[in-house]
Novice: 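Pasting in a structure now, in structure tokens, and then I'll have a few things to ask.
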Amino acid sequence: MTVIKKVAIFGAAGNFGKPITAGLVRAGFEVTIITRITSDSIFPDGVPVIRTGYTVEKLTTALSGQDAAISVIGPAGLSIQTTIIDAAAAAGVKRFIVDDFGWGPDFNSLPEFRDIGAQRRVTFDHAKTLSEANPSFTYTGIIIGNPIDWAIGRFPLMGFDVRKRSAVIYDNGTEEFTGTTLEGIAQAVIGVLRHPDETANRHVKARSIQVSQSQLLDAFQRATGQPWVVQRGATGDLLESGKKKFQDGINGWILELLVYQLFGPGGRCIVASREDSDADLLEIKEESPDDIVRKVLDSIAT
């Protein structure tokens with residue numbers, strides 16, 4: 001039986017890295033942060049930090065003695081992830097959690113996301129190849145769907161302007177999607193490390209909730225004790241605008257097309273039912289619309 005205690009994390013200061021790092025520390029893992037020499041990120045007190053060059057040789061040294069490594073470096077860092085994976089395998093790391101934290105390699109995304117998906121698949125395939133050649137090295141990808149509390153609080157285009165108490169409900173507002181909270185994302189990582197044998201060499205499916213825009217609007221109005229100003233929007237407009245921006249090389253297309261995929265027809269953004277997901281194995285609690293709204297309102301207040 002594989003036992004994981006010592007864990008290194010890349011991207012610890014990022015949007016997902018912060019709650020993952022905090023969750024690992026609370027769960028009792030011995031956490032080490034690895035970052036570039038030039039990084040000016042602020043890290044939590046009491047957690048060791050190794051600053052190093054990002055070559056295979058130097059990263060192998062940095063990862064020596066670690067049981068697991070977690071990559072949360074984000075899309076901008078995907079090009080270096082194969083180097084990190086090579087170093088992890090060379091250092092004797094037992095489990096590498098690849099940077100996905102999205103919809104997974106088999107998601108039916110729009111063609112505009114093809115290049116981004118191809119970059120992610122390179123890292124999945126590389127980890128798989130190394131695990132097949134070296135059975136002591138294993139990997140896991142974590143599919144989270146929409147990072148729901150973080151995304152709603154950060155992007156009003158998702159339909160909720162929390163500070164203005166206003167909403168845009170796309171189409172009829174009843175299209176359901178699955179999401180995972182920041183707390184759930186951290187728990188997914190913890191769950192993988194606590195159940196290494198059951199999660200080896202595959203993508204696990206995480207979820208905190210399955211919900212619609214209308215259900216979230218009702219929860220926001222209950223939590224704030226007032227009716228919100230509601231406008232109607234069309235996902236078709238997002239699709240048209242996002243595709244045009246993509247063709248013209250204008251920023252903003254990614255978010256518009258992501259929101260189209262989330263709320264557009266077809267239910268493509270349901271990772272899995274609770275029963276078909278790995279949420280129970282990973283010990284991710286199922287949350288309600290009211291739970292999500294409380295998390296969003298708390299994040300805006302702080």
Side-chain angles (χ1 to χ4, degrees), residues 4-54 59 62-63 66-85 87-88 91 93 95-104 116 119-120 123-124 127 139-155 179-194 199 203-204 206 208 254 282 284 295-296 298-299 302:
I4 292 175
K5 184 66 175 177
K6 296 181 178 181
V7 181
I9 183 167
F10 296 82
N15 294 312
F16 297 170
K18 287 180 181 178
I20 290 171
T21 301
L24 288 169
V25 171
R26 285 194 302 269
F29 291 95
E30 297 177 21
V31 181
T32 299
I33 294 168
I34 299 180
T35 190
R36 293 182 184 275
I37 296 172
T38 55
S39 172
D40 58 2
S41 297
I42 298 173
F43 300 110
D45 294 336
V47 180
V49 178
I50 297 176
R51 299 180 183 274
T52 185
Y54 274 33
L59 287 171
L63 286 165
Q66 299 293 330
D67 298 317
I70 303 160
S71 177
V72 207
I73 52 180
L78 286 178
S79 61
I80 197 66
Q81 191 168 201
T82 54
T83 300
I84 299 174
I85 293 171
V93 168
R95 174 61 49 86
F96 191 91
I97 297 181
V98 298
D99 190 302
D100 184 352
F101 300 98
W103 294 96
I116 298 174
Q119 291 176 31
R120 292 190 182 279
T123 61
F124 304 151
Y139 73 93
T140 305
I142 301 177
I143 301 171
I144 65 165
N146 180 262
I148 186 167
D149 55 331
W150 175 79
I152 290 175
R154 186 180 178 104
F155 303 114
T180 309
T181 62
L182 291 176
E183 178 186 349
I185 292 168
Q187 181 56 45
V189 172
I190 293 166
V192 166
L193 300 181
R194 284 179 171 168
T199 60
H203 278 75
V204 296
S208 301
I254 291 179
L282 303 175
I284 303 169
K295 285 180 164 66
V296 174
D298 287 347
S299 71
T302 57

Novice: Minimum heavy-atom separation for Ile142 to His203, with atom names?
Specialist: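 Closest approach of Ile142 to His203: N-CD2, 4.3 Å.
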
Novice: Sorted by first residue and then second, give each salt bridge (charged side-chain N to carboxylate O under 4.0 Å, His left out) pair with at least one member in residues 181-191; sequence neighbours left out.
Specialist: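 Matches after skipping sequence neighbours: Glu183-Lys285, Glu183-Lys295.
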
Novice: Do any N or O atoms from the side chain of Ser208 and from the backbone of Thr181 form a donor-acceptor pair under 3.5 angstrom?
Specialist: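 A pair under 3.5 Å: yes.
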
Novice: Closest heavy-atom contact between Val296 and Asp149?
Specialist: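 Closest approach of Val296 to Asp149, heavy atoms only: CG2-O, 3.7 Å.
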
Novice: If you define the side chain from C-beta out and look only at heavy atoms, does anything of Arg194 sit under 4.5 Å from Phe29?
Specialist: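 They are in contact (side-chain heavy atoms under 4.5 Å apart), so the answer is yes.
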
Novice: With sequence neighbours left out, write down each residue that passes ring-ring contact (aromatic ring centres under 6.0 Å, His included) with Trp103, or none if nothing qualifies.
Specialist: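 Here the qualifying residues are Phe107.
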
Novice: Once rounded to the nearest 0.5 Å, what's the spacing between atom CH2 of Trp150 and atom OG1 of Thr180?
Specialist: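 The OG1 atom of Thr180 is 13.5 Å from CH2 of Trp150, to the nearest 0.5 Å.
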
Novice: Could you pull out the closest heavy-atom pair between Leu59 and Ala87, with the gap in Å?
Specialist: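 Looking at all heavy atoms of both residues, the shortest contact is CB-CB, 3.4 Å.
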
Novice: What pairs with Ala13 under side-chain contact (heavy atoms from CB on, under 4.5 Å), at least two apart in sequence or on another chain?
Specialist: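 Result, side-chain contact (heavy atoms from CB on, under 4.5 Å) vs Ala13: Ser41, Phe43.
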
Novice: Could you tell me whether a side-chain N or O of Thr52 sits under 3.5 Å from a main-chain N or O of Ala62, the two making a donor and an acceptor?
Specialist: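 It does not hold such a pair.
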
Novice: On a heavy-atom basis, which atom in Ile185 and which in Pro147 lie closest, and how many Å separate them?
Specialist: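 Looking at all heavy atoms of both residues, the shortest contact is CD1-CB, 4.2 Å.
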
Novice: Once rounded to the nearest 0.5 Å, what's the spacing between atom CG of Leu193 and atom OG1 of Thr199?
Specialist: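 Separation between the atoms: 7.5 Å.
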
Novice: Got a second to check how far Phe124's CZ is from Gln81's CD, nearest 0.5 Å?
Specialist: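 Here the rounded value is 8.0 Å.
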
Novice: In the structure I gave you, are the side-chain heavy atoms of Tyr139 and Thr123 within less than 4.5 Å of one another anywhere?
Specialist: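 Contact flag for Tyr139/Thr123 side chains = no.
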
Novice: Measuring only between side-chain heavy atoms, which start at C-beta, is Tyr54 closer than 4.5 Å to Thr83?
Specialist: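 Of all side-chain heavy-atom pairs linking Thr83 with Tyr54, none is under 4.5 Å.
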
Novice: Tell me the side chain to side chain donor-acceptor pair (under 3.5 Å) pairs involving residues 13-28, sequence neighbours left out?
Specialist: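 Matches after skipping sequence neighbours: none remain.
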
Novice: Considering all heavy atoms of both residues, which atom of Phe101 and which atom of Ser71 are nearest to each other, and what is their separation?
Specialist: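 Heavy atoms only, the tightest pair is CE1-O, 3.6 Å.
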
Novice: Working to the nearest 0.5 angstrom, can you tell me the gap between Ile37 CD1 and Arg51 CZ?
Specialist: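 Reported to 0.5 Å precision, the distance equals 9.5 Å.
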
Novice: Rounded to the nearest 0.5 Å, how far does CD1 of Ile33 lie from CZ of Phe10?
Specialist: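 Result: 11.5 Å between the selected atoms.
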
Novice: Applying side-chain contact (heavy atoms from CB on, under 4.5 Å), can you list everything that pairs with Glu30, at least two apart in sequence or on another chain?
Specialist: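 Glu30 satisfies side-chain contact (heavy atoms from CB on, under 4.5 Å) with Lys5, Lys6 only.
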
Novice: Looking only at non-hydrogen atoms, find the nearest pair between Ala8 and Leu63 and report the distance.
Specialist: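 Minimum heavy-atom contact is CB-CD2, 3.8 Å.
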
Novice: Do Ile84 and Ile73 have side-chain heavy atoms sitting under 4.5 Å apart?
Specialist: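 In short, these two side chains touch, coming nearer than 4.5 Å.
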
Novice: When you compare the side chain of Leu24 with that of Ile70, does any pair of heavy atoms fall below 4.5 Å?
Specialist: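 SC-SC contact between Ile70 and Leu24 confirmed.
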
Novice: Looking only at atom types and distance, does a side-chain atom of Gln119 sit under 3.5 Å from a main-chain N or O of Ser79, one as donor and one as acceptor?
Specialist: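 Looks like no, no N/O pair under 3.5 Å.
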
Novice: Filter on salt bridge (charged side-chain N to carboxylate O under 4.0 Å, His left out), then keep only pairs touching residues 95-104, sequence neighbours left out; what's left?
Specialist: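 For residues 95-104: Asp99-Arg120.
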
